[in-house]
Engineer: 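Once you've had a glance at the structure underneath, I'll fire off some questions.
Bear in mind that the values here come from a model prediction, so they are computed numbers and not experimental data.
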Amino acid sequence: MSLQPGVSMAERKRQLVTTELTEAALQLLALKGFDGVTVDEIAARAGVSKRTFFRYFASKEDVVVRFLTDLGTGMCEELAARPAGERPSLALRHAVWAAMAECSDGLDGPDHAAKALRVVQLILRTPALLARFLERQEQWRADLADRLARRLGLDPATDLYPQLAAGMALTAFNTALRRWSESDGAVDPADLLDRAIAVMTPALDATGTPHPLDRD
(Lines give C-alpha, C1' and ligand atoms only; values in the text may rest on other atoms or scores of the structure.)
Protein backbone atom coordinates (compact mmCIF):
# COMPACT_ATOMS: atom_id res chain seq x y z
CA MET A 1 0.00 0.00 0.00
CA SER A 2 2.87 2.39 0.76
CA LEU A 3 4.39 1.78 -2.68
CA GLN A 4 1.62 3.36 -4.75
CA PRO A 5 2.09 6.97 -3.52
CA GLY A 6 5.82 6.72 -4.27
CA VAL A 7 5.17 5.40 -7.78
CA SER A 8 2.64 8.14 -8.41
CA MET A 9 5.07 10.82 -7.26
CA ALA A 10 7.84 9.42 -9.46
CA GLU A 11 5.54 9.37 -12.46
CA ARG A 12 4.47 12.96 -11.83
CA LYS A 13 8.12 14.00 -11.64
CA ARG A 14 8.90 12.15 -14.85
CA GLN A 15 6.02 13.84 -16.65
CA LEU A 16 7.15 17.24 -15.38
CA VAL A 17 10.73 16.79 -16.57
CA THR A 18 9.54 15.39 -19.90
CA THR A 19 7.25 18.37 -20.41
CA GLU A 20 9.98 20.85 -19.48
CA LEU A 21 12.44 19.26 -21.92
CA THR A 22 9.85 19.17 -24.68
CA GLU A 23 8.84 22.79 -24.19
CA ALA A 24 12.48 23.88 -24.07
CA ALA A 25 13.20 22.02 -27.30
CA LEU A 26 10.19 23.45 -29.11
CA GLN A 27 11.05 27.00 -28.08
CA LEU A 28 14.64 26.67 -29.29
CA LEU A 29 13.74 24.84 -32.48
CA ALA A 30 11.16 27.47 -33.38
CA LEU A 31 13.89 30.12 -33.05
CA LYS A 32 16.91 28.36 -34.52
CA GLY A 33 15.69 25.45 -36.62
CA PHE A 34 16.37 21.76 -36.14
CA ASP A 35 20.03 21.76 -37.18
CA GLY A 36 20.79 24.89 -35.18
CA VAL A 37 19.92 23.42 -31.78
CA THR A 38 22.03 21.02 -29.71
CA VAL A 39 21.07 18.63 -26.94
CA ASP A 40 23.24 20.70 -24.57
CA GLU A 41 21.16 23.79 -25.34
CA ILE A 42 17.89 21.96 -24.77
CA ALA A 43 19.08 20.57 -21.45
CA ALA A 44 20.36 23.95 -20.32
CA ARG A 45 17.10 25.69 -21.24
CA ALA A 46 15.16 23.07 -19.25
CA GLY A 47 17.55 23.39 -16.29
CA VAL A 48 18.74 19.79 -16.32
CA SER A 49 21.95 18.02 -17.23
CA LYS A 50 22.72 16.40 -20.56
CA ARG A 51 22.80 13.07 -18.76
CA THR A 52 19.25 13.69 -17.52
CA PHE A 53 18.17 14.51 -21.06
CA PHE A 54 19.31 11.10 -22.28
CA ARG A 55 17.41 9.37 -19.48
CA TYR A 56 14.21 10.70 -21.02
CA PHE A 57 14.98 10.86 -24.73
CA ALA A 58 17.23 8.86 -27.02
CA SER A 59 17.86 11.74 -29.40
CA LYS A 60 16.92 15.27 -30.37
CA GLU A 61 14.44 13.82 -32.86
CA ASP A 62 12.61 12.01 -30.08
CA VAL A 63 11.90 15.28 -28.26
CA VAL A 64 10.12 16.73 -31.26
CA VAL A 65 8.27 13.59 -32.25
CA ARG A 66 6.91 13.33 -28.69
CA PHE A 67 4.46 16.04 -29.73
CA LEU A 68 2.80 13.38 -31.89
CA THR A 69 3.49 10.30 -29.77
CA ASP A 70 -0.03 9.68 -28.53
CA LEU A 71 -1.91 10.49 -31.72
CA GLY A 72 -2.25 6.86 -32.78
CA THR A 73 -3.60 5.88 -29.39
CA GLY A 74 -6.06 8.77 -29.55
CA MET A 75 -7.29 7.64 -32.96
CA CYS A 76 -7.93 4.10 -31.78
CA GLU A 77 -9.65 5.24 -28.58
CA GLU A 78 -11.93 7.56 -30.55
CA LEU A 79 -12.74 4.81 -33.05
CA ALA A 80 -13.60 2.43 -30.21
CA ALA A 81 -15.92 5.05 -28.70
CA ARG A 82 -17.97 5.57 -31.87
CA PRO A 83 -21.48 4.00 -32.07
CA ALA A 84 -21.43 0.43 -33.30
CA GLY A 85 -23.76 1.03 -36.24
CA GLU A 86 -22.04 4.15 -37.52
CA ARG A 87 -20.80 4.15 -41.11
CA PRO A 88 -17.05 3.37 -41.27
CA SER A 89 -16.33 6.63 -43.13
CA LEU A 90 -17.93 8.69 -40.37
CA ALA A 91 -16.34 6.69 -37.55
CA LEU A 92 -12.91 7.03 -39.17
CA ARG A 93 -13.46 10.73 -39.75
CA HIS A 94 -14.02 11.23 -36.02
CA ALA A 95 -11.04 9.02 -35.18
CA VAL A 96 -8.69 10.94 -37.47
CA TRP A 97 -10.04 14.28 -36.27
CA ALA A 98 -8.95 13.36 -32.74
CA ALA A 99 -5.37 13.42 -34.03
CA MET A 100 -5.83 16.41 -36.33
CA ALA A 101 -7.30 18.50 -33.52
CA GLU A 102 -4.37 17.57 -31.31
CA CYS A 103 -1.96 18.77 -34.00
CA SER A 104 -3.77 22.03 -34.64
CA ASP A 105 -4.81 22.85 -31.06
CA GLY A 106 -2.91 20.52 -28.81
CA LEU A 107 -0.17 22.43 -27.00
CA ASP A 108 -0.93 24.27 -23.77
CA GLY A 109 -0.58 28.01 -23.43
CA PRO A 110 -2.13 31.08 -25.06
CA ASP A 111 -0.19 30.63 -28.28
CA HIS A 112 -0.68 26.86 -28.49
CA ALA A 113 -2.10 26.90 -32.03
CA ALA A 114 0.83 28.91 -33.43
CA LYS A 115 3.32 26.73 -31.57
CA ALA A 116 1.63 23.56 -32.78
CA LEU A 117 1.83 24.82 -36.34
CA ARG A 118 5.56 25.49 -36.00
CA VAL A 119 6.14 21.98 -34.66
CA VAL A 120 4.13 20.36 -37.45
CA GLN A 121 5.99 22.44 -40.05
CA LEU A 122 9.29 21.49 -38.46
CA ILE A 123 8.43 17.79 -38.66
CA LEU A 124 7.18 17.93 -42.23
CA ARG A 125 10.13 19.99 -43.47
CA THR A 126 12.93 18.10 -41.72
CA PRO A 127 13.78 14.79 -43.44
CA ALA A 128 14.98 13.07 -40.24
CA LEU A 129 11.82 14.02 -38.34
CA LEU A 130 9.50 13.21 -41.23
CA ALA A 131 11.07 9.76 -41.49
CA ARG A 132 10.44 9.15 -37.78
CA PHE A 133 6.88 10.44 -38.11
CA LEU A 134 6.08 8.13 -41.02
CA GLU A 135 7.78 5.21 -39.27
CA ARG A 136 5.53 5.73 -36.26
CA GLN A 137 2.48 5.72 -38.49
CA GLU A 138 3.12 2.10 -39.42
CA GLN A 139 2.14 1.18 -35.87
CA TRP A 140 -0.88 3.48 -36.05
CA ARG A 141 -1.96 1.69 -39.22
CA ALA A 142 -1.69 -1.72 -37.58
CA ASP A 143 -3.59 -0.57 -34.48
CA LEU A 144 -6.36 1.09 -36.51
CA ALA A 145 -6.70 -1.97 -38.72
CA ASP A 146 -7.00 -4.25 -35.70
CA ARG A 147 -9.64 -1.98 -34.16
CA LEU A 148 -11.59 -1.83 -37.44
CA ALA A 149 -11.48 -5.60 -37.83
CA ARG A 150 -12.89 -6.14 -34.35
CA ARG A 151 -15.51 -3.45 -34.89
CA LEU A 152 -16.75 -5.02 -38.14
CA GLY A 153 -16.27 -8.68 -37.24
CA LEU A 154 -13.54 -9.20 -39.84
CA ASP A 155 -10.40 -11.28 -39.74
CA PRO A 156 -7.39 -8.94 -39.96
CA ALA A 157 -5.24 -11.82 -41.18
CA THR A 158 -7.37 -12.57 -44.25
CA ASP A 159 -9.66 -9.59 -44.94
CA LEU A 160 -8.15 -6.77 -46.97
CA TYR A 161 -10.54 -4.07 -45.79
CA PRO A 162 -9.07 -3.24 -42.34
CA GLN A 163 -5.55 -2.51 -43.62
CA LEU A 164 -6.81 -0.66 -46.68
CA ALA A 165 -9.25 1.47 -44.69
CA ALA A 166 -6.66 2.28 -42.04
CA GLY A 167 -4.24 3.31 -44.77
CA MET A 168 -6.84 5.56 -46.40
CA ALA A 169 -7.64 7.21 -43.06
CA LEU A 170 -3.97 7.97 -42.47
CA THR A 171 -3.62 9.28 -46.02
CA ALA A 172 -6.49 11.69 -45.33
CA PHE A 173 -4.78 12.75 -42.09
CA ASN A 174 -1.42 13.33 -43.76
CA THR A 175 -2.93 15.21 -46.69
CA ALA A 176 -4.95 17.53 -44.44
CA LEU A 177 -2.01 18.06 -42.10
CA ARG A 178 0.31 18.98 -44.96
CA ARG A 179 -2.18 21.38 -46.56
CA TRP A 180 -2.77 23.04 -43.18
CA SER A 181 0.98 23.38 -42.69
CA GLU A 182 1.56 24.77 -46.18
CA SER A 183 -1.16 27.40 -45.64
CA ASP A 184 0.60 28.60 -42.44
CA GLY A 185 -2.56 27.76 -40.53
CA ALA A 186 -4.84 29.88 -42.73
CA VAL A 187 -6.96 26.93 -43.88
CA ASP A 188 -9.45 25.27 -41.53
CA PRO A 189 -8.04 21.80 -40.72
CA ALA A 190 -11.52 20.39 -40.07
CA ASP A 191 -12.64 21.43 -43.55
CA LEU A 192 -9.50 19.91 -45.06
CA LEU A 193 -10.13 16.63 -43.32
CA ASP A 194 -13.80 16.54 -44.30
CA ARG A 195 -12.87 17.08 -47.95
CA ALA A 196 -10.22 14.37 -47.83
CA ILE A 197 -12.56 11.84 -46.20
CA ALA A 198 -15.34 12.72 -48.68
CA VAL A 199 -13.12 11.61 -51.56
CA MET A 200 -12.62 8.23 -49.87
CA THR A 201 -16.14 7.71 -48.48
CA PRO A 202 -17.41 5.30 -51.19
CA ALA A 203 -14.43 3.00 -50.66
CA LEU A 204 -14.50 3.28 -46.86
CA ASP A 205 -18.17 2.32 -46.73
CA ALA A 206 -17.84 -0.58 -49.20
CA THR A 207 -17.35 -3.23 -46.53
CA GLY A 208 -20.25 -5.48 -47.49
CA THR A 209 -19.37 -6.14 -51.11
CA PRO A 210 -19.03 -9.92 -51.52
CA HIS A 211 -16.03 -11.43 -53.21
CA PRO A 212 -16.92 -12.86 -56.65
CA LEU A 213 -15.88 -16.34 -55.52
CA ASP A 214 -18.37 -16.14 -52.66
CA ARG A 215 -21.35 -15.59 -54.98
CA ASP A 216 -23.62 -18.44 -56.01
Engineer: Below 4.5 Å, heavy atoms only, C-beta onward: do L16 and E20 meet side chain to side chain?
Structural biologist: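 When only atoms from C-beta onward are counted, E20 and L16 do touch, with a gap below 4.5 Å.
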Engineer: Is the number of heavy atoms from other residues, nucleotides or ligands under 6.0 Å of R132 CZ greater than 12?
Structural biologist: yes
Engineer: If we ignore hydrogens and angles and just use 3.5 Å, is the side chain of T126 paired with the main-chain N or O of I123 as donor and acceptor?
Structural biologist: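 Looks like no, no N/O pair under 3.5 Å.
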Engineer: In Å and rounded to the nearest 0.5 Å, what is the CD to OG1 distance from Q137 to T171?
Structural biologist: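 Result: 8.5 Å between the selected atoms.
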Engineer: I'd like to check L170 versus M75 (side-chain heavy atoms, cut-off strictly below 4.5 Å). Are they in contact?
Structural biologist: yes
Engineer: Side chains of F57 and T18: closer than 4.5 Å at any heavy-atom pair?
Structural biologist: yes
Engineer: Kindly give the heavy-atom pair with the smallest separation between L28 and V37, and that separation in Å.
Structural biologist: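 Closest approach of L28 to V37, heavy atoms only: O-CG2, 3.6 Å.
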Engineer: Using 0.5 Å steps for rounding, measure from the CG atom of L117 to the CG atom of L122.
Structural biologist: 11.0 Å
Engineer: Roughly how far, to the nearest 0.5 Å, is CE of M100 from CG of N174?
Structural biologist: 9.5 Å
Engineer: Look at the side-chain heavy atoms of Ile, Leu, Val, Met, Phe, Trp and Tyr, link any pair under 4.5 Å apart, and say whether L204 and V199 land in one connected group.
Structural biologist: no
Engineer: Write down the atom of F53, the atom of L21, and the distance for their closest heavy-atom approach.
Structural biologist: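 So the two residues come closest at CD1-CD2, 3.9 Å.
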Engineer: Closest approach of L192 and A176, non-hydrogen atoms and distance?
Structural biologist: CD1-O, 3.5 Å
Engineer: Using a 4.5 Å cut-off on heavy atoms from C-beta on, say whether the side chain of Y56 contacts that of V63.
Structural biologist: no
Engineer: Check whether any side-chain N or O of S181 sits under 3.5 Å from a backbone N or O of L177 as a donor-acceptor pair, and report yes or no.
Structural biologist: no
Engineer: Side-chain contact test, heavy atoms from C-beta onward, threshold under 4.5 Å: evaluate it for R118 versus L26 and give yes or no.
Structural biologist: no
Engineer: E41 vs R45, test: salt bridge (Lys or Arg N to Asp or Glu O under 4.0 Å). Steps then yes/no.
Structural biologist: CA-CA 6 Å; E41 289 177 292; R45 174 67 69 92; over 6 Å; no
Engineer: Can you get from M200 to L144 by hopping between Ile, Leu, Val, Met, Phe, Trp and Tyr side chains that sit under 4.5 Å apart?
Structural biologist: yes
Engineer: Looking at R151 and L79, would you say the former's side chain and the latter's main chain have a donor-acceptor pair under 3.5 Å?
Structural biologist: yes
Engineer: Could you check whether any side-chain N or O of Y161 sits under 3.5 Å from a backbone N or O of A145, counting only pairs where one atom can act as donor and the other as acceptor?
Structural biologist: no
Engineer: Return the CG to NE2 distance between L193 and H94, rounded to the nearest 0.5 Å.
Structural biologist: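 One finds 10.0 Å between CG of L193 and NE2 of H94.
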Engineer: How far apart are the closest heavy atoms of W180 and P189, and which atoms are they?
Structural biologist: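 Result for this residue pair: CD1-CD, 3.9 Å.
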Engineer: Flag the pair R147 and D143 as a salt bridge only when some basic side-chain nitrogen lies within less than 4.0 angstrom of an acidic carboxylate oxygen.
Structural biologist: no
Engineer: Distance check, rounded to the nearest 0.5 Å: M168 atom CE versus R141 atom CZ?
Structural biologist: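 Result: 10.5 Å between the selected atoms.
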Engineer: Could you check if a side-chain atom of V187 sits within less than 4.5 angstrom of a side-chain atom of R179, using non-hydrogen atoms only?
Structural biologist: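 The answer is no, as the side chains (C-beta and beyond) never meet within the 4.5 Å cut-off.
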Engineer: Give the intermediate values and the outcome of side-chain hydrogen bond (donor to acceptor under 3.5 Å, both in side chains) for residues R87 and S89.
Structural biologist: CA-CA 6 Å; R87 287 183 293 113; S89 61; 2.8 Å; yes
Engineer: Does any N or O in the side chain of K60 come within less than 3.5 Å of the main-chain N or O of I42, such that one atom is a donor and the other an acceptor?
Structural biologist: no
Engineer: Examine F34 and L124 and state if one hydrophobic cluster contains both, with Ile, Leu, Val, Met, Phe, Trp and Tyr joined whenever side-chain heavy atoms are less than 4.5 Å apart.
Structural biologist: yes
Engineer: Which atom names give the shortest non-hydrogen contact between P127 and R125, and what distance separates them?
Structural biologist: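 Heavy-atom minimum between the residues: CD-O, 3.6 Å.
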Engineer: Minimum heavy-atom separation for R93 and A190, please, with both atom names.
Structural biologist: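 Shortest heavy-atom contact: NH2-O, 3.9 Å.
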Engineer: Would you give the length of the straight line joining atom CG of D159 to atom CG of L148, rounded to the nearest 0.5 angstrom?
Structural biologist: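 One gets 11.5 Å once the value is rounded to the nearest 0.5 Å.
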